[in-house]
Amino acid sequence: MRLLQSPKTCTIVVRDVMAGLKKSCPGVVALLCTLCASGSTPPQASAPIVTKVVVVTTFEIGADTGDAAGEFQFWRERQKLDRRFAFAHHHDLFMNPETGVLGMVTGEGTANAGSAVMELGMDPRFDLSHAYWIVAGIAGVDPADASLGSAVWVRRVIDGDLAFEIDSREIPKGWSSGIFPLESHGPEDPKAVPVEGQVFTLNARLVDWAYRLTRDVPLGDAEPLRSARARYVDYPNARRPPFVLEGDDIAAMRFWHGRLMNDWANHWVRQMTQGQGNMVVTEMEDSGILLGLTYLGRTGKVDPNRILVLRTGSNFTIPPPGRSAAENLAMESESSYTALRPSLEAAYQIGSKVVAALLKNWTVYRDRLPGAQ
(Lines give C-alpha, C1' and ligand atoms only; values in the text may rest on other atoms or scores of the structure.)
Protein backbone atom coordinates (compact mmCIF):
# COMPACT_ATOMS: atom_id res chain seq x y z
CA MET A 1 0.00 0.00 0.00
CA ARG A 2 1.40 3.40 -1.01
CA LEU A 3 1.69 6.18 1.52
CA LEU A 4 -0.03 9.53 1.00
CA GLN A 5 1.10 10.93 -2.33
CA SER A 6 0.77 14.72 -2.09
CA PRO A 7 0.90 17.53 0.46
CA LYS A 8 -2.77 18.26 -0.27
CA THR A 9 -3.85 14.71 0.51
CA CYS A 10 -1.63 14.72 3.56
CA THR A 11 -3.27 17.91 4.84
CA ILE A 12 -6.75 16.43 4.52
CA VAL A 13 -5.86 13.24 6.37
CA VAL A 14 -3.81 14.67 9.22
CA ARG A 15 -5.62 18.00 9.68
CA ASP A 16 -7.41 16.98 12.85
CA VAL A 17 -4.40 15.15 14.25
CA MET A 18 -1.92 17.94 13.58
CA ALA A 19 -3.76 20.45 15.71
CA GLY A 20 -3.10 18.39 18.78
CA LEU A 21 0.40 17.32 17.82
CA LYS A 22 1.80 20.60 16.56
CA LYS A 23 2.53 22.03 19.98
CA SER A 24 3.43 18.83 21.84
CA CYS A 25 5.19 16.83 19.12
CA PRO A 26 6.33 19.10 16.29
CA GLY A 27 8.84 16.50 15.16
CA VAL A 28 6.07 13.96 14.53
CA VAL A 29 4.17 16.44 12.39
CA ALA A 30 7.26 17.21 10.35
CA LEU A 31 7.90 13.52 9.80
CA LEU A 32 4.33 12.87 8.67
CA CYS A 33 4.48 15.68 6.16
CA THR A 34 7.81 14.49 4.84
CA LEU A 35 6.49 10.98 4.32
CA CYS A 36 3.34 12.25 2.67
CA ALA A 37 5.22 14.48 0.30
CA SER A 38 7.71 11.80 -0.67
CA GLY A 39 5.14 9.29 -1.91
CA SER A 40 7.64 6.58 -0.95
CA THR A 41 6.76 2.89 -0.80
CA PRO A 42 7.96 0.73 2.12
CA PRO A 43 10.48 -1.95 1.16
CA GLN A 44 8.86 -5.28 0.36
CA ALA A 45 9.81 -8.19 2.63
CA SER A 46 11.40 -11.12 0.84
CA ALA A 47 9.57 -14.45 0.81
CA PRO A 48 10.38 -16.76 3.76
CA ILE A 49 13.01 -19.39 3.06
CA VAL A 50 11.48 -22.84 2.77
CA THR A 51 13.15 -25.01 5.40
CA LYS A 52 13.05 -28.78 5.06
CA VAL A 53 15.00 -29.93 8.11
CA VAL A 54 16.01 -28.12 11.30
CA VAL A 55 18.91 -29.75 13.15
CA VAL A 56 18.79 -28.73 16.80
CA THR A 57 21.99 -28.98 18.84
CA THR A 58 22.58 -27.58 22.31
CA PHE A 59 26.26 -26.68 22.69
CA GLU A 60 29.48 -26.10 20.84
CA ILE A 61 33.06 -26.05 22.12
CA GLY A 62 35.04 -23.04 20.92
CA ALA A 63 34.61 -22.28 17.24
CA ASP A 64 32.06 -23.92 14.96
CA THR A 65 34.75 -25.43 12.73
CA GLY A 66 38.30 -26.65 12.89
CA ASP A 67 38.75 -27.29 16.61
CA ALA A 68 37.41 -29.63 19.30
CA ALA A 69 33.90 -30.54 18.22
CA GLY A 70 30.72 -29.97 20.17
CA GLU A 71 27.28 -31.08 18.99
CA PHE A 72 27.07 -28.58 16.13
CA GLN A 73 30.45 -28.74 14.44
CA PHE A 74 30.04 -31.91 12.36
CA TRP A 75 26.68 -30.69 11.07
CA ARG A 76 28.07 -27.28 10.19
CA GLU A 77 31.04 -28.72 8.31
CA ARG A 78 29.60 -31.83 6.69
CA GLN A 79 26.19 -30.47 5.73
CA LYS A 80 27.82 -27.28 4.38
CA LEU A 81 25.74 -24.98 6.54
CA ASP A 82 27.59 -21.93 5.25
CA ARG A 83 24.97 -19.19 5.10
CA ARG A 84 24.83 -17.31 8.37
CA PHE A 85 21.72 -15.69 9.81
CA ALA A 86 22.03 -13.35 12.77
CA PHE A 87 20.04 -14.66 15.72
CA ALA A 88 19.37 -12.81 18.96
CA HIS A 89 19.65 -15.95 21.05
CA HIS A 90 22.66 -17.99 22.14
CA HIS A 91 24.19 -18.65 18.71
CA ASP A 92 23.63 -17.53 15.12
CA LEU A 93 21.81 -19.81 12.70
CA PHE A 94 23.50 -21.53 9.75
CA MET A 95 21.87 -22.96 6.65
CA ASN A 96 22.54 -24.69 3.38
CA PRO A 97 20.04 -22.87 1.13
CA GLU A 98 20.46 -25.45 -1.62
CA THR A 99 19.33 -28.36 0.54
CA GLY A 100 17.01 -26.52 2.92
CA VAL A 101 18.83 -27.78 6.04
CA LEU A 102 19.04 -25.27 8.89
CA GLY A 103 21.22 -25.77 11.98
CA MET A 104 20.96 -24.15 15.39
CA VAL A 105 22.68 -24.20 18.78
CA THR A 106 20.23 -23.50 21.58
CA GLY A 107 22.50 -23.25 24.58
CA GLU A 108 22.29 -25.67 27.48
CA GLY A 109 19.32 -26.19 29.76
CA THR A 110 15.57 -26.31 29.20
CA ALA A 111 15.12 -22.53 29.46
CA ASN A 112 17.73 -21.79 26.80
CA ALA A 113 16.48 -24.55 24.52
CA GLY A 114 12.80 -23.74 24.81
CA SER A 115 13.23 -20.03 24.22
CA ALA A 116 15.57 -20.64 21.27
CA VAL A 117 13.14 -22.83 19.35
CA MET A 118 10.31 -20.41 20.12
CA GLU A 119 12.37 -17.57 18.68
CA LEU A 120 13.18 -19.56 15.56
CA GLY A 121 9.59 -20.67 15.16
CA MET A 122 8.39 -17.06 15.12
CA ASP A 123 11.18 -15.84 12.83
CA PRO A 124 9.58 -14.46 9.64
CA ARG A 125 12.69 -15.24 7.59
CA PHE A 126 11.88 -18.96 7.53
CA ASP A 127 8.95 -21.05 6.37
CA LEU A 128 8.95 -23.95 8.86
CA SER A 129 5.46 -25.21 8.14
CA HIS A 130 6.70 -28.46 6.56
CA ALA A 131 10.05 -28.73 8.33
CA TYR A 132 11.22 -31.82 10.19
CA TRP A 133 12.99 -31.13 13.47
CA ILE A 134 15.84 -33.42 14.53
CA VAL A 135 17.35 -32.90 17.96
CA ALA A 136 20.83 -34.38 17.69
CA GLY A 137 22.72 -34.36 20.96
CA ILE A 138 24.66 -36.35 23.51
CA ALA A 139 23.31 -37.73 26.79
CA GLY A 140 23.98 -39.77 29.85
CA VAL A 141 22.97 -43.37 29.24
CA ASP A 142 21.68 -45.96 31.72
CA PRO A 143 24.08 -48.94 31.59
CA ALA A 144 21.10 -51.25 32.11
CA ASP A 145 19.91 -50.36 28.61
CA ALA A 146 22.77 -49.29 26.34
CA SER A 147 26.48 -48.77 25.95
CA LEU A 148 28.69 -45.74 25.42
CA GLY A 149 28.42 -44.39 21.89
CA SER A 150 24.99 -45.96 21.35
CA ALA A 151 22.26 -43.97 19.57
CA VAL A 152 18.76 -43.73 21.03
CA TRP A 153 15.70 -42.67 19.07
CA VAL A 154 13.50 -41.19 21.77
CA ARG A 155 9.87 -42.25 22.10
CA ARG A 156 8.94 -40.02 25.04
CA VAL A 157 10.51 -37.03 26.73
CA ILE A 158 9.71 -36.64 30.43
CA ASP A 159 10.43 -33.46 32.34
CA GLY A 160 12.24 -34.15 35.61
CA ASP A 161 12.20 -30.61 36.98
CA LEU A 162 8.51 -29.99 37.67
CA ALA A 163 8.43 -31.56 41.13
CA PHE A 164 8.21 -31.22 44.86
CA GLU A 165 11.53 -31.70 46.64
CA ILE A 166 12.64 -32.28 50.20
CA ASP A 167 16.31 -32.42 51.05
CA SER A 168 17.43 -36.05 51.21
CA ARG A 169 18.58 -35.52 54.79
CA GLU A 170 15.01 -34.70 55.84
CA ILE A 171 12.89 -37.19 53.92
CA PRO A 172 10.58 -39.46 55.94
CA LYS A 173 11.70 -42.95 56.76
CA GLY A 174 10.90 -45.38 53.96
CA TRP A 175 10.86 -42.83 51.17
CA SER A 176 12.97 -43.76 48.14
CA SER A 177 13.68 -40.13 47.26
CA GLY A 178 12.99 -36.56 48.31
CA ILE A 179 11.86 -35.66 44.77
CA PHE A 180 8.22 -36.46 44.06
CA PRO A 181 5.45 -35.38 41.67
CA LEU A 182 3.58 -32.13 42.05
CA GLU A 183 0.18 -32.52 43.72
CA SER A 184 1.27 -35.84 45.24
CA HIS A 185 2.06 -36.83 48.81
CA GLY A 186 5.29 -38.68 48.25
CA PRO A 187 7.36 -40.65 45.75
CA GLU A 188 5.13 -43.74 46.02
CA ASP A 189 1.78 -41.95 45.83
CA PRO A 190 -0.36 -44.14 43.51
CA LYS A 191 -2.46 -41.12 42.54
CA ALA A 192 0.51 -39.15 41.20
CA VAL A 193 -0.02 -37.92 37.65
CA PRO A 194 2.02 -35.66 35.37
CA VAL A 195 1.07 -32.02 35.01
CA GLU A 196 0.69 -30.25 31.66
CA GLY A 197 3.96 -29.98 29.78
CA GLN A 198 5.62 -32.83 31.67
CA VAL A 199 5.34 -35.79 29.28
CA PHE A 200 5.79 -35.51 25.52
CA THR A 201 5.08 -38.50 23.31
CA LEU A 202 6.64 -38.27 19.87
CA ASN A 203 5.00 -39.50 16.67
CA ALA A 204 5.52 -43.26 17.07
CA ARG A 205 5.39 -44.02 13.34
CA LEU A 206 8.02 -41.41 12.58
CA VAL A 207 10.26 -42.63 15.40
CA ASP A 208 9.89 -46.24 14.28
CA TRP A 209 10.67 -45.23 10.69
CA ALA A 210 13.88 -43.49 11.77
CA TYR A 211 14.86 -46.49 13.89
CA ARG A 212 14.25 -48.99 11.09
CA LEU A 213 16.22 -46.83 8.69
CA THR A 214 19.27 -46.68 10.96
CA ARG A 215 19.20 -49.73 13.23
CA ASP A 216 21.76 -51.66 11.21
CA VAL A 217 24.18 -48.78 10.73
CA PRO A 218 27.50 -49.84 12.30
CA LEU A 219 28.77 -47.41 14.90
CA GLY A 220 32.44 -46.96 15.58
CA ASP A 221 34.13 -48.79 18.42
CA ALA A 222 37.55 -48.20 19.90
CA GLU A 223 39.76 -49.32 22.75
CA PRO A 224 38.78 -46.47 25.13
CA LEU A 225 35.13 -47.48 24.80
CA ARG A 226 35.90 -51.15 25.30
CA SER A 227 37.97 -50.41 28.40
CA ALA A 228 35.32 -48.14 29.92
CA ARG A 229 32.41 -50.51 29.41
CA ALA A 230 34.35 -53.57 30.56
CA ARG A 231 34.15 -52.27 34.12
CA TYR A 232 30.34 -52.58 34.14
CA VAL A 233 30.43 -56.31 34.76
CA ASP A 234 26.80 -56.59 35.90
CA TYR A 235 25.32 -54.78 32.89
CA PRO A 236 25.23 -56.85 29.68
CA ASN A 237 23.90 -53.99 27.52
CA ALA A 238 26.61 -51.66 28.79
CA ARG A 239 29.26 -54.11 27.63
CA ARG A 240 27.97 -54.31 24.07
CA PRO A 241 29.58 -52.35 21.24
CA PRO A 242 27.60 -49.20 20.37
CA PHE A 243 24.19 -49.91 18.84
CA VAL A 244 20.96 -48.17 17.82
CA LEU A 245 17.80 -48.53 19.91
CA GLU A 246 14.60 -46.80 20.99
CA GLY A 247 13.89 -45.60 24.49
CA ASP A 248 12.67 -42.84 26.78
CA ASP A 249 14.42 -39.68 27.85
CA ILE A 250 14.31 -37.67 31.08
CA ALA A 251 15.20 -33.99 30.88
CA ALA A 252 16.37 -32.09 33.95
CA MET A 253 18.31 -28.87 34.45
CA ARG A 254 20.32 -30.63 37.15
CA PHE A 255 23.18 -32.79 35.86
CA TRP A 256 22.47 -35.67 38.21
CA HIS A 257 24.67 -38.75 38.64
CA GLY A 258 24.89 -41.91 40.71
CA ARG A 259 22.97 -45.09 41.48
CA LEU A 260 20.38 -43.49 43.76
CA MET A 261 19.61 -40.72 41.29
CA ASN A 262 19.48 -43.29 38.50
CA ASP A 263 16.94 -45.26 40.52
CA TRP A 264 14.92 -42.06 41.00
CA ALA A 265 15.00 -41.27 37.25
CA ASN A 266 13.84 -44.75 36.29
CA HIS A 267 11.06 -44.62 38.87
CA TRP A 268 10.08 -41.11 37.76
CA VAL A 269 9.75 -42.12 34.11
CA ARG A 270 7.67 -45.18 34.99
CA GLN A 271 5.48 -43.10 37.28
CA MET A 272 4.94 -40.27 34.80
CA THR A 273 4.03 -42.73 32.02
CA GLN A 274 1.77 -44.98 34.10
CA GLY A 275 4.27 -47.81 33.91
CA GLN A 276 4.80 -47.66 30.14
CA GLY A 277 8.15 -45.85 29.97
CA ASN A 278 11.75 -46.91 30.42
CA MET A 279 14.45 -44.31 31.04
CA VAL A 280 17.38 -44.95 28.72
CA VAL A 281 18.98 -41.50 28.40
CA THR A 282 19.08 -38.26 30.34
CA GLU A 283 19.90 -34.72 29.24
CA MET A 284 19.12 -31.08 30.06
CA GLU A 285 17.13 -29.59 27.15
CA ASP A 286 14.53 -31.80 25.48
CA SER A 287 11.47 -30.95 27.55
CA GLY A 288 12.09 -27.26 26.82
CA ILE A 289 12.46 -27.97 23.11
CA LEU A 290 9.31 -30.10 23.00
CA LEU A 291 7.31 -27.57 25.00
CA GLY A 292 8.33 -24.75 22.65
CA LEU A 293 7.49 -26.77 19.56
CA THR A 294 4.16 -27.83 21.08
CA TYR A 295 3.14 -24.20 21.55
CA LEU A 296 4.38 -23.30 18.07
CA GLY A 297 2.28 -26.14 16.71
CA ARG A 298 -0.82 -24.45 18.07
CA THR A 299 -0.03 -21.41 15.92
CA GLY A 300 0.47 -23.46 12.76
CA LYS A 301 4.09 -22.32 12.50
CA VAL A 302 5.44 -25.87 12.87
CA ASP A 303 4.09 -29.42 12.80
CA PRO A 304 4.74 -31.20 16.14
CA ASN A 305 4.26 -34.55 14.39
CA ARG A 306 7.55 -33.93 12.57
CA ILE A 307 9.87 -34.01 15.58
CA LEU A 308 12.63 -36.55 16.15
CA VAL A 309 14.94 -36.68 19.15
CA LEU A 310 18.23 -38.55 18.80
CA ARG A 311 20.46 -38.82 21.84
CA THR A 312 23.80 -40.65 21.94
CA GLY A 313 25.62 -41.96 24.99
CA SER A 314 28.58 -39.82 26.02
CA ASN A 315 28.77 -41.13 29.60
CA PHE A 316 27.08 -43.58 31.92
CA THR A 317 24.63 -42.32 34.53
CA ILE A 318 26.21 -44.39 37.31
CA PRO A 319 29.84 -45.04 38.25
CA PRO A 320 31.57 -48.37 37.71
CA PRO A 321 32.21 -50.68 40.67
CA GLY A 322 34.82 -49.35 43.05
CA ARG A 323 34.24 -45.66 42.28
CA SER A 324 31.90 -43.28 44.08
CA ALA A 325 29.37 -41.07 42.34
CA ALA A 326 31.29 -37.95 43.38
CA GLU A 327 34.58 -39.35 42.07
CA ASN A 328 33.06 -40.39 38.77
CA LEU A 329 31.21 -37.12 38.26
CA ALA A 330 34.43 -35.19 38.84
CA MET A 331 35.93 -37.07 35.90
CA GLU A 332 33.08 -36.14 33.57
CA SER A 333 32.80 -32.71 31.97
CA GLU A 334 31.56 -31.25 28.72
CA SER A 335 34.99 -31.46 27.08
CA SER A 336 36.05 -34.81 28.53
CA TYR A 337 33.08 -37.14 28.73
CA THR A 338 34.18 -40.75 28.51
CA ALA A 339 32.72 -41.13 25.01
CA LEU A 340 32.43 -37.52 23.82
CA ARG A 341 33.89 -37.92 20.34
CA PRO A 342 32.21 -41.30 19.61
CA SER A 343 28.84 -39.97 20.75
CA LEU A 344 29.18 -36.86 18.56
CA GLU A 345 30.11 -39.02 15.59
CA ALA A 346 27.17 -41.33 16.26
CA ALA A 347 24.74 -38.41 16.45
CA TYR A 348 25.89 -37.19 13.06
CA GLN A 349 26.21 -40.61 11.44
CA ILE A 350 22.72 -41.73 12.45
CA GLY A 351 21.01 -38.36 12.21
CA SER A 352 22.42 -37.50 8.79
CA LYS A 353 21.08 -40.75 7.35
CA VAL A 354 17.58 -39.62 8.26
CA VAL A 355 18.23 -36.14 6.87
CA ALA A 356 19.42 -37.66 3.59
CA ALA A 357 16.29 -39.81 3.30
CA LEU A 358 14.01 -36.85 3.97
CA LEU A 359 15.73 -34.73 1.33
CA LYS A 360 15.90 -37.50 -1.26
CA ASN A 361 12.15 -38.13 -1.00
CA TRP A 362 11.07 -34.57 -0.31
CA THR A 363 8.39 -34.58 -3.00
CA VAL A 364 6.63 -37.23 -0.91
CA TYR A 365 7.69 -36.29 2.62
CA ARG A 366 6.81 -32.63 2.26
CA ASP A 367 3.13 -33.50 2.64
CA ARG A 368 3.16 -37.08 3.89
CA LEU A 369 5.12 -38.22 6.91
CA PRO A 370 7.44 -41.21 6.66
CA GLY A 371 5.88 -44.27 8.19
CA ALA A 372 2.34 -42.99 7.64
CA GLN A 373 -0.12 -45.52 6.34
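Nothing here was measured: the structure is a model prediction, and the numbers come from that model.
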If two hydrophobic side chains count as joined below 4.5 Å and joins carry through other members, does [X] share a cluster with [Y]?
{"X": "F243", "Y": "V217", "value": "yes"}
{"X": "L120", "Y": "V50", "value": "no"}
{"X": "L162", "Y": "I289", "value": "no"}
{"X": "V364", "Y": "L308", "value": "yes"}
{"X": "M253", "Y": "L291", "value": "no"}

I want to check something: taking the side chain as every heavy atom from C-beta on, are [X] and [Y] in contact at a cut-off of under 4.5 Å?
{"X": "I134", "Y": "V54", "result": "no"}
{"X": "R323", "Y": "R231", "result": "yes"}
{"X": "V53", "Y": "W133", "result": "no"}
{"X": "P181", "Y": "Q271", "result": "yes"}
{"X": "L202", "Y": "R156", "result": "no"}

Passing candidate, side chain to side chain donor-acceptor pair (under 3.5 Å) with N278, options D248, T273, D145
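By the side chain to side chain donor-acceptor pair (under 3.5 Å) criterion, N278 pairs with just one of D248, T273, D145: D145.
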Using links of under 4.5 Å between side-chain heavy atoms of ILVMFWY residues, direct or through other members, which residues join V199 in one cluster?
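Reading the cluster by chain and number, V199 sits alongside I158, I179, I250, W256, M261, W264, W268, V269, M272, M279.
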Nonpolar side-chain network containing V193, other nodes, edges under 4.5 Å:
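Once heavy-atom contacts under 4.5 Å are chained together, V193 still belongs with nothing else.
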State, to 0.1 Å, how close [X] and [Y] come at their nearest heavy-atom pair, and which atoms those are.
{"X": "A139", "Y": "T282", "result": "CB-O, 3.3 Å"}
{"X": "V354", "Y": "W209", "result": "CG1-CZ3, 3.7 Å"}
{"X": "A136", "Y": "T57", "result": "O-CG2, 3.7 Å"}

State, without any angle test, whether [X] and [Y] hold a side-chain donor-acceptor pair at a distance under 3.5 Å.
{"X": "T58", "Y": "E71", "value": "yes"}
{"X": "T106", "Y": "E285", "value": "no"}
{"X": "N262", "Y": "T317", "value": "yes"}
{"X": "E119", "Y": "S115", "value": "no"}
{"X": "Q79", "Y": "T99", "value": "no"}

Go through the structure and list residues passing side chain to side chain donor-acceptor pair (under 3.5 Å) with [X], not counting sequence neighbours.
{"X": "R259", "answer": "none"}
{"X": "T312", "answer": "none"}
{"X": "S147", "answer": "S150"}

Run the ring-ring contact (aromatic ring centres under 6.0 Å, His included) test against W175 and tell me which residues pass, sequence neighbours left out.
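For W175, the residues satisfying ring-ring contact (aromatic ring centres under 6.0 Å, His included) (neighbours in sequence not counted) are F180.
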Between [X] and [Y] (salt bridge meaning N to carboxylate O under 4.0 Å), is one present in this structure?
{"X": "D303", "Y": "R306", "answer": "yes"}
{"X": "R78", "Y": "E345", "answer": "yes"}
{"X": "K191", "Y": "D189", "answer": "no"}
{"X": "K80", "Y": "D82", "answer": "no"}
{"X": "R226", "Y": "D221", "answer": "yes"}
{"X": "D286", "Y": "R311", "answer": "yes"}

Neighbour count >12 (heavy atoms, 6.0 Å) for atom [atom1], [X]:
{"X": "K301", "atom1": "NZ", "result": "no"}
{"X": "E188", "atom1": "CD", "result": "yes"}
{"X": "E98", "atom1": "CD", "result": "no"}
{"X": "L182", "atom1": "CG", "result": "yes"}

Suppose we call two aromatic rings close when their centres sit under 6.0 Å apart. Are Y132 and Y365 close by that rule?
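No; Y365 has its ring centre 6.0 Å or more from that of Y132.
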What about the rings of F72 and H91, do their centers lie closer together than 6.0 Å?
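Judged by ring-centre distance (under 6.0 Å), F72 and H91 do meet the cut-off.
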Do V244 and I350 pass the side chain to side chain contact (heavy atoms under 4.5 Å, CB included) test, and can you show the C-alpha distance, the side-chain angles, and the key distance before you say yes or no?
CA-CA 9 Å; V244 181; I350 299 301; 3.8 Å; yes
Between D92 and F87 (side chain of the first, backbone of the second, donor and acceptor by atom type, cut-off under 3.5 Å), is there such a pair?
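Checking the backbone N and O of F87 against the side chain of D92, a donor-acceptor pair under 3.5 Å is found.
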Whether D127 side chain and S129 backbone form a donor-acceptor pair below 3.5 Å
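Flag set: sc D127 to bb S129 pair under 3.5 Å.
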May I ask you to establish whether R229 and Y232 are in a cation-pi arrangement, using a distance under 6.0 Å from NZ or CZ to the six-membered ring centre and at most 45° from the ring axis?
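No; the conditions do not both hold, so R229 does not lie above the ring face of Y232.
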Tell me, with the steps shown, if F126 and M95 meet side chain to side chain contact (heavy atoms under 4.5 Å, CB included).
CA-CA 11 Å; F126 306 100; M95 188 177 196; 4.2 Å; yes
